[in-house]
Structures are given as structure tokens and as C-alpha cells.
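Structure first, commentary second.
A note on names: the letters A, B, ... follow the listed sequences, proteins ahead of strands, and every chain is numbered from 1. No hydrogens, no waters, no symmetry mates; every other heavy atom, side chains included, goes into these values.
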Amino acid sequence: MNKKTKSFGSLLLAVMLTLSVLAGCSKSNNAEPSAASSTSPSASPSETVAANASEGASAEASGLEGKVVFWSMWSNTEPQAKVIDEAVADFKSANPKVEVEVKYNGRDINKLIKPALESGEQIDIFEQDPGAALANLKDHVLKLDELLDQQSIGTDGKSVKDSIIPSLIEWVKSLSAQAGLEEGYYAIPQQPYAVLFFYNKALFNKAGITGVPTSWEEFLAACEKLKQAGIEPITFDDAYRSLFIGGYLGSAMGSDWTDSLVKDKTGDMWKDPMVLQFANDIQNLKQKDYFSKKIAGNKYPAGQQYLALGNAAMYLNGTWLPNEIAETAGPDFQWGSFQFPTVPNGNDKGGQQGLTFGAQGLLMNKNSKNIPAAFELVKFLVSKKAQEGMATQAVAIPATVDTKWPAPLEEAAVAFNNAKLNMPWGAGIENGADFSSGTVIPVFMELATGKINAEQYVAKMAAAAKKFYSGK
Amino acid sequence: MRNSKFMQRKNLWPAYIPLVAWLIFSVVLFGWVILASLSTTREIFTNSLIGSGPKFANYIELFKSQAMGRYFMNSVIYTFASCIGIVVVAAPAAYILGRVQFRGRVLVNAMFVSALAIPSLLISIPLFSLFVEMKLTGSIATLILIYIFTNVPFGVFFLTSFFSSIPKEFEESAAMDGCGPIKAFIQIILPVAQPGLITLSIFNFLGVWNEYFYALIFANDSSTRTLALALQSIVYGYSNTGNYGGIFAACMIVFLPSFIVYLFVSKRIISGMTIGAVKG
Amino acid sequence: MRLSKSIIALFLLPAVLIYLAIFLYPTLRTLAMSFYDIPSLSSKINEWEFKGIQNYSDLIHNSYFIESVRNVLGIWAIGGVLIFVFAFLFAIILTSDVRGKNFWRSLIFLPNTVSAVVLSVVWLQYIFNSDYGLLTTVFNRLGLTALANIQWTDNEHIYFSMIIAFSFGSIGYFMLILNAGINRIPSDYYEAATLDGASVWVKFFKITLPLLRDVFRTTLVLWTITAFNFFVWSATFGLDDPHTVTPGFYMYQKVFGKGTSVYSEEVFNVGAGASVGILITVAILIVTALINRLFPKDRLEY
């Protein structure tokens with residue numbers, strides 16, 4: 001018992017000591033950001049060091065030293081972690097004096113990163129969805145504009161900025177304004193994704209479908225052919241129900257409209273003819289048995305396994321899908337993909353030019369003590385070699401230009417090229433927060449499983465929206 | 001254990017009905033997990049478990065890519081240290097709360113219940129910030145202390161009712177033998193409360209053994225990582241690569257040792273109880 | 001019993017100090033947070049914006065949250081009955097003279113030793129699967145096609161499916177506590193009653209239940225805490241489906257978010273999550289007080 005109290009006493013002592021140390025720390029932390037945010041004075045010395053490093057070409061040992069800590073969003077069992085390990089090993093042999101620590105946090109990084117950054121733990125590089133990171137971690141992200149001009153690794157003299165797929169790097173830039181930051185680049189996109197219909201080419205061939213459907217009419221025709229061939233046309237899982245609603249309405253009216261639909265306090269927007277058209281079309285899909293019967297009870301990953309086994313032909317999902325079901329689908333599975341078909345009577349704000357796409361991002365801590373070495377490591381992480389590794393080992397889309405895409409995702413390039421407008425997840429249908437999860441998605445399921453008809457759907461949604469928002 | 005509690009053996013057969021029903025269901029459920037761990041993912045989702053014969057590849061791959069042995073030892077150390085620590089701190093407090101009248105008792109009691117009532121989610125992040133600021137992350141000792149600290153209120157709460165229903169003759173006879181309160185507590189009360197202490201330790205054991213959030217924060221190096229943390233990372237990683245056979249194999253690797261430990265400890269409940277009975 | 005103040009202090013102090021160090025600060029912080037609009041769980045206090053009871057009144061008017069409260073009360077009641085009936089049944093059987101007690105006890109406790117995430121996968125992908133799942137197969141064998149065709153995880157059934165799956169995993173835990181409690185009842189009571197020719201039921205109601213009062217109360221409080229914080233199974237079974245959402249999971253979403261993004265205009269407010277946490281805490285304290293009322297502590301000396 002005595003021992004216990006003693007150890008507790010020593011802990012208390014430690015608390016006090018560290019608190020007093022911290023008081024000193026936090027002062028210096030406060031002073032630093034102001035210097036860093038004015039970019040020129042504090043950034044220029046590091047700039048020159050970094051510039052020297054890249055001039056000295058990556059083959060020779062650089063003058064970089066110190067320690068770099070990288071918090072990764074992958075867990076150490078994921079193939080991405082192996083690619084990162086290889087990139088770090090390459091970095092180390094080029095920069096033997098730099099000590100690198102990689103911490104594989106998995107997706108829990110989303111919970112841990114902010115408290116860790118705020119309490120001053122050494123984290124020089126971290127990985128997160130840039131949209132989330134810029135919203136949450138505004139005060140910690142380093143503006144990368146000047147660093148991005150450095151020469152990239154393995155891409156024939158291109159700068160880092162030019163080595164990345166242009167639509168992605170511009171998208172990252174567009175996020176800075178939305179987050180209320182000074183315009184610029186705060187993240188380097190990698191692991192790009194897009195939401196597309198994935199389909200089983202063998203089944204499409206069997207049903208005699210020659211081209212991918214681009215309009216709703218063609219889509220229905222394809223469904224009919226599949227059904228005639230004895231194949232269930234469409235399936236989806238509970239986790240991705242919103243994508244179908246958003247896919248249709250976003251294709252018709254664009255994501256801004258969808259966004260205001262789920263936030264409409266009067267409920268009147270639900271009486272828009274487009275909603276009725278949507279409801280009728282869904283009802284039609286249900287009545288003609290184009291939806292798999294199992295959508296009512298599909299629990300992730302049951303539906304996508306069903307697709308992998310060749311029981312259903314199409315599944316609306318992110319480009320990570322082929323990787324997620326590779327074990328089941330096997331190497332001979334012929335993947336195809338196409339964008340959500342264009343819906344008639346729309347307002348031309350969606351269609352094939354709008355696409356839900358994005359990427360994960362590599363970000364840097366603005367309070368990093370070792371920016372030159374850290375950025376050098378970043379360059380290795382987005383080097384052509386590492387991105388090729390992501391493509392081959394993790395079936396991910398490479399972020400660098402002129403890099404071969406993994407075979408299952410080859411057709412996805414069409415959508416990336418069409419995309420002019422970035423749409424949020426579910427084309428904004430989830431932006432209604434509690435209203436989206438509590439009403440929009442479950443009522444859609446009632447419609448898609450034939451519990452209510454199209455007119456009832458419209459009436460129910462209009463009333464539910466009014467009721468939900470009247471309390472606010 | 002010869003003496004019958006309140007059913008006699010001859011008319012006991014109905015008691016076996018629910019037991020056997022439970023047995024059958026458990027065999028199906030866990031049998032499925034075991035077979036799934038020996039199957040490919042395709043076999044799992046086509047209902048043809050071990051259709052091509054049992055495969056140990058899932059296990060071999062795990063042991064090859066992950067230092068399961070070391071994680072196991074780490075988990076054992078953290079778990080046993082924490083379980084002992086919790087009892088050492090919680091038992092005396094519960095003893096006082098369960099048996100002694102003093103001013104402020106209601107308050108102290110309410111304190112521990114409210115510590116249980118507050119969702120642990122809301123405790124973990126402020127604690128994390130606190131410990132990062134104290135530069136205490138990355139240390140095994142911190143992790144063990146955290147496990148002890150966060151489980152003490154439950155331990156106190158759980159043991160209080162066990163202590164409160166021990167007949168007071170125990171202390172009276174101890175007092176007559178000239179035992180001081182500390183000696184009486186250690187030599188007489190604790191042995192009697194053994195079923196409660198062991199039950200509590202089983203819960204703590206499982207709680208700590210399977211805990212992963214604090215482990216992620218405080219012991220996420222290849223040398224300090226726990227089994228539960230490895231499992232979580234495997235479940236994450238493998239579900240993103242669709243390797244469900246591997247997930248079930250990992251689950252078996254984490255589950256088996258904890259179950260064996262449980263089997264071993266649960267025997268002690270019986271003996272602990274008989275000690276109580278003999279002394280009583 | 002009386003003990004000197006110094007002994008009381010010596011025995012209590014470590015636990016109390018731990019409480020003060022580890023729980024008091026986060027609890028008070030959470031209470032304060034529930035009155036503010038806060039962008040993140042670790043936001044510094046100068047980022048907080050005072051909103052009074054706005055967070056609470058928003059919750060009361062939020063039909064999705066109200067649904068979650070209804071769900072959790074159902075889980076508490078239905079799951080509670082399920083768990084206690086079976087836990088009691090098994091606890092009593094295992095204190096009788098059945099053979100192989102240790103084996104049975106371990107078997108019933110078995111599901112508790114497996115991670116909830118993995119158990120959920122088994123229930124969702126095997127037992128409730130509408131293609132080849134256990135239930136479907138069994139009902140087909142029995143010729144009950146109507147039951148076999150049910151999709152156990154669709155909107156209509158997911159709630160009860162979840163309660164059953166969860167209860168299966170929790171019976172062993174409560175069985176173990178009750179079992180330890182019954183084991184401490186001196187066997188002379190039962191022997192005397194048996195000599196008097198008392199039936200099994202009389203012994204159960206006249207001896208076991210009254211003498212278990214303390215343990216039973218503890219177990220009820222524990223169940224209340226478990227049920228009101230119900231969260232993991234809600235996450236694995238329903239994601240954020242209103243049929244399975246609980247305040248615990250709702251809070252998790254408010255605190256960590258599905259992913260805050262620069263897109264979502266609904267600004268992230270951890271204060272809302274904190275107020276849910278406070279409501280859960282208060283609800284548990286109230287129910288605990290009620291339970292203590294119903295099962296007062298005037299303990300029977302035996």
C-alpha cells in the first residue's frame with residue numbers, strides 16, 4: 001500500500017515538473033507560428049538547405065540530418081505500409097544521417113492527430129484526408145507552395161507539383177479557401193479515389209452489353225439485358241446506400257442542389273418534380289427486379305462479396321473496391337467501371353462532368369523543427385517508384401502523372417478526365433448530418449424495397465424534413 | 001462441493017437442457033470461426049468452409065509478418081501487472097466502503113459510481129492530451145498505470161457489495177485473536193472475498209487483454225505492441241484487402257491464450273469458494 | 001464496524017486520489033464542454049464558444065437523437081430481461097450438482113472473451129445471412145420457409161437481431177457475477193430448507209433471491225451502465241441507421257465525426273457530443289439511485 005502511494009506521489013511530482021516545463025514550451029510554440037506563417041523570413045533558410053539538397057541529386061548522400069517523425073494513416077498490416085517502408089528505406093540510404101520514425105496509426109489517426117499536434121509531440125509529416133485535415137488542423141498545417149517547386153524524384157526533372165495529377169493538386173488548392181486559409185497548397189494528394197459504378201465485364205459480355213451506359217436509358221437497357229441473362233443487375237451494401245441517392249440526384253442537379261435539398265427547412269424542395277422522377281425511377285428499378293433482393297439486409301461486405309462472386313453485375317463504390325474484394329474475385333475477374341449515368345431533365349450541373357473524387361493527403365506540421373529533411377522524405381513518399389508501388393501492391397491509383405494505373409482501375413481514368421466539378425461524398429446527400437442518416441437513407445430503403453411507392457416517398461420526405469427542422 | 005445447494009442430483013436432468021442447447025449453439029458459432037480461419041475468403045462467402053481442405057496459410061502468414069510471440073508476452077506483462085495493481089488499490093477502498101460507516105461514505109460511493117457512468121470515450125481524449133503534455137507517451141509503465149487507474153472505480157464498485165455481505169463475525173473473531181485491522185483485512189477478509197476478487201480479475205484481465213485504444217497511444221512500437229493492438233490493425237488492414245480468412249485466424253490467435261488463461265483462473269474460483277466455506 | 005480515521009484514510013486514499021486525478025478533470029471538463037460550441041475534442045478553452053443550454057435543447061428537438069434514446073431504453077429493457085433470465089438460469093444450474101460445472105461455466109462465458117467486432121462479423125455474415133446463414137438453413141430444414149425467407153438484417157429486423165446477438169455475448173458476464181454471489185451463500189441454509197421439504201422454487205425465492213440482494217443490485221447497476229453506453233454493436237450492426245443508433249454511438253459520431261470536412265457546413269460541435277455524454281451519465285445516476293431505492297442496502301446478516 002505504501003509503495004502505491006509513493007509511486008503516486010512521484011507521478012504527481014512528475015506532473016508538476018512537466019507542467020512547469022510545458023509553460024516554457026508553450027511560449028516558444030506561440031512565438032513560432034507567427035514567424036512561420038509570414039513565410040519569407042523563417043522559410044528561406046530552410047529553403048536554401050532544401051534546395052541544396054535537391055541540387056546535390058538524390059543519389060549522393062545529402063547533408064540532411066536530425067530526426068523525422070511520420071504519422072501514417074495506414075495500419076502496419078496494410079499493403080500501403082509495405083510501400084511506405086520501402087520508400088523510407090530508400091530515403092535512409094540516400095540520407096543516412098536522418099533518423100526516421102514511422103508510426104502506423106491506422107484510421108485512428110483521425111482521433112489522435114489533433115491532441116498530439118496541440119500538445120507539441122514531434123510529428124513532422126502526417127497523413128489524412130485533406131478535407132478533414134484542413135478543417136480540423138488549420139493551425140498546424142504548413143503551406144507547401146515553395147517546397148512543391150523542388151525537383152521530384154524519378155519523374156524526369158518535373159517539380160513535385162507538376163509530378164502530381166493536375167486535377168488533384170488543384171483540388172487540394174481549392175480546399176484551402178474553403179477552410180479559410182491563405183490560398184495555397186497544404187497537402188500533397190496521394191491515393192486518389194473516385195466513386196463509380198464497378199461492373200463485372202464477363203457478365204456484361206454474357207448479357208450482350210457492348211458499351212458502358214452513359215445515360216439513364218442505356219442504364220435501364222443494360223439492366224434489362226442482365227436480367228434476361230439471369231443475372232442480378234445491381235447490388236449495394238448498407239455502408240454505401242447514400243451513394244445511390246446522391247449518384248442519381250447529383251447527376252441530375254449537381255451537388256449544390258442536393259446539399260440544399262437535405263438542408264431545406266420547409267420540406268418544399270422535396271416536392272420538386274426531380275424528386276418524384278427519382279422516386280419513380282427507383283420504384284421502377286425495384287419493380288423490375290433490377291435491384292438484388294438482398295439490398296434490404298446486405299451488411300458490408302456481403303453485397304460486394306456477392307459482386308465478387310459473380311452473382312450481381314454492378315456496384316456503386318469508391319475505387320478501392322477492387323482491392324477490397326480481390327481475394328474473393330480472384331486475378332481473372334475482369335473489372336470495368338463507369339460514371340453514374342446522366343439522368344434526364346436535369347439542370348446540367350451534374351452529368352458526366354461532376355464526380356465524387358478526392359485523395360488522401362500528406363501534410364506537414366508547421367512547427368516541424370526539421371522541415372528540409374521532412375520534405376525530402378515526403379518527396380520519397382510521392383516519388384514515382386513509391387506511387388508505382390501503391391498501384392501494384394495496393395491496387396491504388398498512383399498520384400503521379402504518367403504512372404501506369406492498376407488494371408482493374410484502367411477504365412476509371414475516363415471518369416477522372418471527364419471530371420470538371422468535384423462533388424462531395426454521396427454528392428452532398430450526407431451533408432444533412434442527422435437528417436441524412438436518420439431520415440433520407442432509411443426512407444430511401446423503404447422505397448427501394450417496395451415498402452412505399454414514389455408518391456408516398458415524396459410526401460413522407462417533405463413532411464419529415466419539415467418536422468425535423470421545425471425543432472431547430 | 002458434495003453438499004447440494006438446492007437441487008438434488010436425481011431430478012437434475014432438466015438443468016442440462018439449456019446447457020446442452022448452449023453447447024450446440026456455441027459449437028456451431030465457434031466451429032464456424034475456427035473453420036473460417038482455415039479457409040480462403042472466397043470459401044467463407046460461398047458457404048464452402050474448408051472446401052479445398054483446411055489451410056494454415058492464414059496462420060503462417062500472420063506469424064511470419066507479425067511478431068505475435070512478442071506481442072503475446074507484452075500483453076501478458078501489461079495484463080498481469082494491471083490486474084494485480086487494480087486489486088491492490090481497489091480492494092482496501094471497497095472494504096471500507098462496504099463495511100465501515102463513516103462520514104462522507106455516500107459521497108465517496110457516488111464518486112465511484114459516477115466515474116463508471118461517464119462514458120470512457122470522453123475520458124480518453126483529455127487523458128491522452130494530459131499524458132502527451134506530460135511527455136509520458138511511449139512508456140510501458142504509463143500504459144500499466146493507465147490501465148490500473150481507469151479500472152479502479154469499477155473494481156471498487158464491484159467489490160463493495162462483495163465485502164458488504166461478508167458476515168461480521170469474521171472481523172469480530174479476528175479482533176478477539178488480537179489482529180489489527182490491516183492484518184485482519186489481509187489474513188481474514190481477503191481470503192473470504194476471493195471469489196469476488198477472482199471474478200473481478202477475470203473481467204479486468206479480459207478488459208485489459210482486449211483493450212486497444214490506450215495501447216495504440218502508449219505502446220505502438222514493434223517492441224511494445226500488444227496482441228489486441230495487433231488484432232485491431234489486422235482487422236483494419238485485412239478488411240481493406242478483403243482477407244476475411246486472415247481476420248478470423250488473427251481472432252483465434254488473440255482469443256485462444258485469453259481463453260486458456262480464463263480456464264486456468266476459473267478453476268480457482270471453486271477453490272477460493274471452498275476456502276471461504278471451510279473458514280466459515 | 002468502526003475503524004480509526006487513519007486506517008480509513010489509508011485504505012481509501014489511493015483509490016480516491018486516482019479518481020481525483022483521472023476522472024474528476026475529464027468529467028468536469030465534459031460537463032463544461034456541454035455548454036459550449038467546440039470544434040474538436042482537444043480544442044483549447046479559448047476556442048470554445050458559450051451556448052448555454054442550446055446543445056441540450058437541440059438534442060431534445062432532434063428526432064434522430066430521440067430515436068436513439070428510444071432504442072437504448074428498449075435495449076435496456078428487452079436485453080435486460082433476456083440477459084437476466086438466462087444469466088440467472090445458468091447461475092442457478094451451475095450452483096446445483098450438475099456434472100462438469102467448470103466446463104459449463106467456461107462455455108457460457110466463452111463469448112465474452114472474443115472481440116465484439118469479430119463476433120459481429122460472425123453474426124452478420126454467417127448466422128443472419130439470408131443465403132446460407134444458420135437461421136435460414138435451420139428454418140429451411142424444418143420446412144418453415146416463411147421464417148427462412150426473412151432477412152434478419154433488414155430495417156424491420158435489425159434491431160432485435162442486434163439485441164439477440166449482443167445478449168448472447170453478455171449472458172456469461174452477468175452469469176459469472178451472479179454465480180459468484182450464489183456461491184457465497186452458506187450451504188446450511190439450503191440444507192435446512194431441504195430438510196423442511198422446500199421445493200426448488202421456494203428455495204430460490206426464499207433463500208437465493210433475498211440473500212443475493214446486494215449482488216443483484218450491483219449487477220443491475222452494471223447492466224444499466226453497460227446498456228446506456230451501448231455503442232460497439234450499434235456501430236457494427238447499423239452504422240448510423242436510425243433503427244440501431246444509440247446515444248452512445250450518437251455521441252461517438254458527434255465527438256469524432258464521420259469525417260469532418262471543409263464541405264460539411266454543419267460545423268462540428270463536440271459540445272453536442274459532450275451533452276449526450278452528460279445525459280447518459282445523469283440517466284445512469286438516476287437509474288442507479290432508483291435501483292438503490294428498490295433494493296435498499298439494509299443488508300441481511302447471515
Trace of the side-chain contact (heavy atoms from CB on, under 4.5 Å) decision for A/Gln305 with B/Tyr244 | CA-CA 11 Å; A/Gln305 295 291 343; B/Tyr244 284 81; 4.0 Å; yes
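- For a residue to count as touching a neighbouring chain, one of its non-hydrogen atoms must lie under 4.5 Å from one of that chain's; by this rule A/Ala308 touches chain B with the backbone only.
- Neither the backbone nor the side chain of A/Ala81 comes within contact range of chain B, judged by heavy atoms closer than 4.5 Å.
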Does the side-chain contact (heavy atoms from CB on, under 4.5 Å) test come out yes or no for B/Asn240 and A/Trp320, once each step is laid out?
-> CA-CA 8 Å; B/Asn240 288 338; A/Trp320 49 76; over 6 Å; no
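- With values rounded to the nearest 0.5 angstrom, A/Lys111 atom NZ is found 5.5 Å from B/Phe213 atom CZ.
- Of the listed residues (A/Lys103, A/Lys114, A/Gln80, A/Glu101), the greatest number of heavy-atom pairs within a distance under 4.5 Å of chain B belongs to A/Lys103.
- Distance CD/A/Glu327 to OH/B/Tyr238: 9.0 Å, rounded to 0.5 Å.
- Taking B/Ala230, B/Ser233, B/Gly246, B/Gly237 one by one and counting their heavy-atom pairs under 4.5 Å with chain A, the maximum is reached by B/Ser233.
- Ranked by heavy-atom pairs under 4.5 Å with chain B, the list A/Ile325, A/Asn311, A/Leu309, A/Val395 is led by A/Leu309.
- Atoms CG and CZ, on A/Asn76 and B/Arg225 in that order, are 4.0 Å from each other to the nearest 0.5 Å.
- By the neighbour-count criterion of 12 heavy atoms within 6.0 Å, atom NZ of B/Lys55 is densely surrounded, having more than that number from other residues, nucleotides or ligands.
- When heavy atoms are compared at a cutoff of 4.5 Å, A/Tyr300 approaches chain B solely by way of its side chain, counted from C-beta outward.
- Using a 4.5 Å heavy-atom cut-off against chain A, the contacting residues of residues 33-51 of chain B are B/Thr41, B/Arg42, B/Phe45, B/Thr46.
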When you look at A/Thr77 and B/Gln66, which way does the side-chain contact (heavy atoms from CB on, under 4.5 Å) test go after all the steps?
-> CA-CA 8 Å; A/Thr77 49; B/Gln66 304 280 312; 3.3 Å; yes
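- Residues A/Asn105 and B/Leu216 approach most closely at O-CD1, 3.9 Å, considering heavy atoms.
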